[in-house]
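Encoded as structure tokens, the structure appears first; notes follow it.
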Amino acid sequence: MHGSRSHLPATGDADALLRLVAACRAPAHLASLRAAHARLLLLLHPSHPSAAPARVKLIQAYAACSALPAAHAVLDSLCSPDHGAATTTICFNVLIRALTAASLHRDALRIFASMRPRGPACFPDHYTYPLALKSCAASKDLLLGLQIHSAVARLGLDANRYVAHSAISMYARCGFPEDAYRVFDGMQNRDVVSWNAMISGFARAGLFERAVDVFKQFVVLPCSIPDAGTMASILLAMGNAKAEDIILVGKAFNEMRLKELISWNAMLAIYANNEYHVNAVELFLRMEKDGVEPDSMTLATVLPPCGELSAFSVGKRIHEIIKRKGMLPNLLLENALTDMYASCGCLKDAREVFDSMSARDVISWTSIISAYGKHGHGREAVDLFEKMLGQGLEPDSIAFVAVLSACSHAGLLDVGKHYFDSMTCRYNITPKAEHYTCMVDLLGRAGCISEAYDFIMMMSIEPNERVWGALLQACRIHSNMDIGLVAADSLFRLVPEQTGYYVLLSNMYARAGRWADVTSVRSVMANKGIKKSPGASIVELGDRVHTFHIGDRCHPQSEMIYQKLDELLGRIRGIGYNPEVEATLHDVEEEDKEGHLSVHSEKLAIAFLLINTSPGTPIRVTMNLRTCGDCHLAAKLISTITSREIILKDTNRIHHIVQGACSCGDYW
DNA sequence: ATATCGGCGG
């Protein structure tokens, strides 16, 4: 496509000119389009049978070239009586469609309103109303939406399913889901789009359970065929879903004969948003096997689960796919890659992605800051935060969480205090529970327990369990019984069923040698029927994820793993390993403390990877609890005797261990 | 010659 007139077809060939018009899809084609337009005017008399379709094509083409005024001008030229009213309406529809597609909803509604004065012959029709209602929905204009919907009813067009579907969406998006449901309920025969509209309507109005109910009603219908729209609609309602619902949606997805990319992406997102990380990664592998071409949404969705699982090799392969497909630069993907690498403990790769970016937003900076923070490199995190400020970017609430937690991981007490003050005073950000948790953790672990307690007392919001949990943790480290008991009381009041805190408390007693109290906490747990959440470690080997539990003997290689572990523990005893009996984070039986420590899931996972990977390969382990002191020490010594990097990610941070030294500097 | 529902980060 070129702008020069010499490339235009010879005069007289209207069809070729129309094909040329239809091929103009970008601003660069505008000159060609104008030239073709001029020729067509000369060639086609308004009464010519091709004149009307030509107008429609011209409006579409101008809109596609982002020349909306020109598109509008074509419409304005339609004043001659040679044009039928039908043509005029179609041209209006096409222009309005172009405006809604460009999210110019106010303009769309203005053009819509200007139809009537055109004369009694030019009515909006069943094509126009859905577009108008969509614009009402997008601009949350319930009043206009109601007017339009009642006009539609007066005209008897409300039986049209397109109209009904856009009305459902309009009412729901304007915050009136029950009115949306009335439209849905009154429909004579519903199709899949009707159901999708109602599902997403309830979801968008925040009525997640209603949305899931409608989904369930739909899939049990004898001849219902859910489609990509169904999957995309239900996704929003599955933020914090019940296991049975996730299984149900997964079943519907599996039964879909034709799986469009959006369906795959939605299913991935449902798994990812519900911490079904393994399912998400496995689904992605299935996509690869089935030859489904991923798009940037697919990859941006599956990268966080890769990070969560420390599935470095899959994550790295996704990075290769992104590069091969020429998807970069793309902020969403680059930010996701930074996070994924950081979460896998590959700070260097995370930094490389970050450095290679051609544009960075606050989220990019937050990602790299929290990457350094989680690895215990507080100074670097703080430097990056300052650099971000230097670039004129305004930190938001989450950016402050990143820098404050970096300070707390590294024990940068004064810097953390400074940022907390600057957040509230300079940036007028109201601290949330996360910020308070960082500060209590920072103060508490630095030994300022009573200051941390005072901090909680001065909070402007009700302290939640994480805030008290941070204080209890600090009290355990510094053996502060008095405040520790206050924290424990508050915790048991807030979340009596949360097991981790009982363990923390019993640990605190254990550290102080108060074994009677340890026993009484345990009996409270036993009386309440509380079961500790089992410690589990996961590792990636090839494309498979392996899970280990404490004392696990289910793994096919179990025999070898225990042999290896025995050998390792024997060797590190010789260089200073002495099981930390007091730090019995996950054990149950007191009499067998050392035995239990030696089979903590992270140790099994490390032994498993040592057996199955070649010398020099880094060992990556992700666990669902905080790593205990004993395992931390063992991992450091094992890294020494085997000359392996060990990257241990727990729920709180990342321990990057090289030759016996951990990035956390043993402050954790 | 034209339309309805639908995915979103740190």
Side-chain angles (χ1 to χ4, degrees), chain A residues 18 22 49-60 86-87 89-98 100-101 124-134 137 157 160-170 172-173 180 184 187 190-201 203-204 226-236 238 260-270 272-273 295-298 300-301 303-304 307 330-340 342-343 360-371 373 395-402 405:
Chain A
L18 283 176
S50 295
R55 303 273 182 187
V56 172
K57 284 218 157 31
L58 281 166
I59 294 174
Q60 284 176 322
T87 299
T89 296
I90 291 173
C91 286
F92 265 105
N93 293 346
V94 170
L95 180 62
I96 293 172
R97 163 84 187 122
T100 57
D125 64 3
H126 54 296
Y127 281 77
T128 326
Y129 286 115
L131 293 167
L133 286 169
K134 187 195 183 85
L157 289 176
N160 179 292
R161 61 173 87 245
Y162 290 89
V163 172
H165 298 159
S166 52
I168 292 170
S169 170
M170 184 274 294
R173 291 178 100 108
F184 173 78
M187 286 182 78
R190 308 184 184 104
D191 64 8
V192 59
V193 179
S194 322
W195 289 92
N196 296 351
M198 197 62 249
I199 293 166
S200 77
R204 198 153 291 279
D227 67 1
T230 318
M231 293 298 297
S233 302
I234 197 65
L235 167 57
L236 187 61
M238 302 280 289
E260 292 169 61
L261 186 57
I262 289 181
S263 303
W264 288 95
N265 290 356
M267 197 65 234
L268 281 174
I270 289 171
N273 295 341
D295 67 359
S296 57
M297 184 69 81
T298 314
T301 304
L303 279 169
N330 174 323
L331 232 113
L332 181 72
L333 284 175
E334 289 162 313
N335 292 348
L337 282 168
T338 306
D339 269 338
M340 180 277 295
S343 190
R360 300 177 191 94
D361 61 4
V362 176
I363 297 175
S364 324
W365 287 93
T366 303
S367 299
I368 197 71
I369 290 165
S370 81
D396 63 9
S397 167
I398 304 172
F400 274 106
V401 173
S405 78

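Lettering follows sequence order; numbering is per chain, from 1.
Of all nucleotides listed (B/dG9, B/dA1, B/dG7), B/dG7 comes nearest to the side chain of A/A232. Here the nucleotide nearest the side chain of A/D361, chosen from B/dG9, B/dT2, B/dG10, is B/dG9. Proximity note for A/M297 (side chain, C-beta onward) versus B/dG10, B/dC5, B/dG7: the nearest is B/dG7. Here the nucleotide nearest the side chain of A/V94, chosen from B/dT2, B/dG10, B/dA1, is B/dT2. Nearest nucleotide to the side chain of A/P130, out of B/dA3, B/dG10, B/dT2: B/dA3. Between B/dG9, B/dA1, B/dG6, one nucleotide has an atom nearer to the side chain of A/T87 than all others, and that is B/dA1. Comparing B/dG10, B/dC8, B/dT2 by their closest approach to the side chain of A/N273 singles out B/dC8. Distance from the side chain of A/I90 is smallest to B/dA1 among B/dC5, B/dA1, B/dA3. Here B/dC8 is the nucleotide among B/dG9, B/dG6, B/dC8 with the atom lying nearest to any side-chain atom of A/L235.
At a threshold of 4.0 angstrom between heavy atoms, the contacts of A/A228 include nucleobase atoms, whether or not backbone atoms are also involved. Across all strands shown, A/L268 has no heavy atoms under 4.0 Å from either base or sugar-phosphate atoms. Heavy atoms of A/S233 sit under 4.0 angstrom from primed sugar atoms or phosphate atoms, though from no base atom. Across all strands shown, A/L131 has heavy atoms under 4.0 Å from sugar-phosphate atoms exclusively, and none from any base. Nucleic acid contact class of A/I398 (heavy atoms, under 4.0 Å, all strands): base. Looking at heavy-atom distances under 4.0 Å, A/D295 makes contact with a base. The residue A/D227 sits apart from the nucleic acid: no heavy atom pair falls under 4.0 Å. Using a 4.0 Å heavy-atom criterion, one finds that A/N93 contacts the bases of the nucleic acid, with or without backbone contacts as well. Heavy atoms of A/V362 sit under 4.0 angstrom from at least one base atom. Within 4.0 Å (heavy atoms only), A/R360 reaches no atom of the nucleic acid at all. Within 4.0 Å of A/R190, counting heavy atoms only, lies no atom of the nucleic acid at all.
A/R173 contributes no side-chain N or O that, together with a main-chain N or O of A/R204, makes up a donor-acceptor pair within less than 3.5 Å. A donor-acceptor pair under 3.5 Å is absent between the side-chain atoms of A/S200 and the main chain of A/S233, judged by distance alone.
Nearest heavy atoms, A/A402 versus A/S370: CB-CB, 3.9 Å. When all heavy atoms of A/F184 and A/R190 are compared, the pair lying nearest together is O-NE, 3.0 Å. Listed here is the closest heavy atom pair of A/V163 and A/L133: O-CD1, 3.9 Å. Contact record, A/A336 with A/L303: CB-CD1, 3.7 Å, taken as the closest heavy-atom pair. Closest heavy-atom contact between A/Q60 and A/V94: CG-CG1, 3.3 Å. Between A/A272 and A/T301, the closest heavy-atom pair is CB-O, 4.0 Å.
The distance from atom CG of A/N196 to atom C1' of B/dA3 is 16 Å, rounded to the nearest whole Å. Following rounding to the nearest Å, A/L133 (CG) and B/dT4 (P) show an atom-to-atom distance of 11 Å. When rounded to the nearest whole Å, the span between OH of A/Y162 and P of B/dA3 equals 9 Å. Rounded to whole angstrom, the span from the CG atom of A/L261 across to the C1' atom of B/dG7 amounts to 10 Å. As rounded to whole Å, 15 Å separates atom C1' of B/dG9 from atom CG of A/N265. The distance from atom CE of A/M238 to atom C1' of B/dC8 is 17 Å, rounded to the nearest whole Å. Look at CG on A/D191: it is 16 Å from P on B/dA3, rounded to the nearest Å. What separates CZ of A/F92 from C1' of B/dA1 is a distance of 16 Å, to the nearest Å.
For B/dG10, the base has a donor-acceptor partner in the side chain of A/T366 [N/O atoms by modelled type, under 3.5 angstrom].
Stacking here means ring centres nearer than 5.5 Å and ring planes tilted less than 30 degrees, and by that measure A/Y127 stacks onto B/dT2.
Residue A/R204 places at least one side-chain N or O under 4.0 Å from the OP1 or OP2 atom of B/dG7. The shortest distance between the side-chain N/O atoms of A/K134 and the OP1/OP2 oxygens of B/dC5 is below 4.0 Å. For B/dT2, neither phosphate oxygen OP1 nor OP2 lies less than 4.0 angstrom from any side-chain nitrogen or oxygen of A/R97. Remark: A/S200 is in phosphate contact with B/dG6, judged by side-chain N or O atoms under 4.0 Å from OP1 or OP2.
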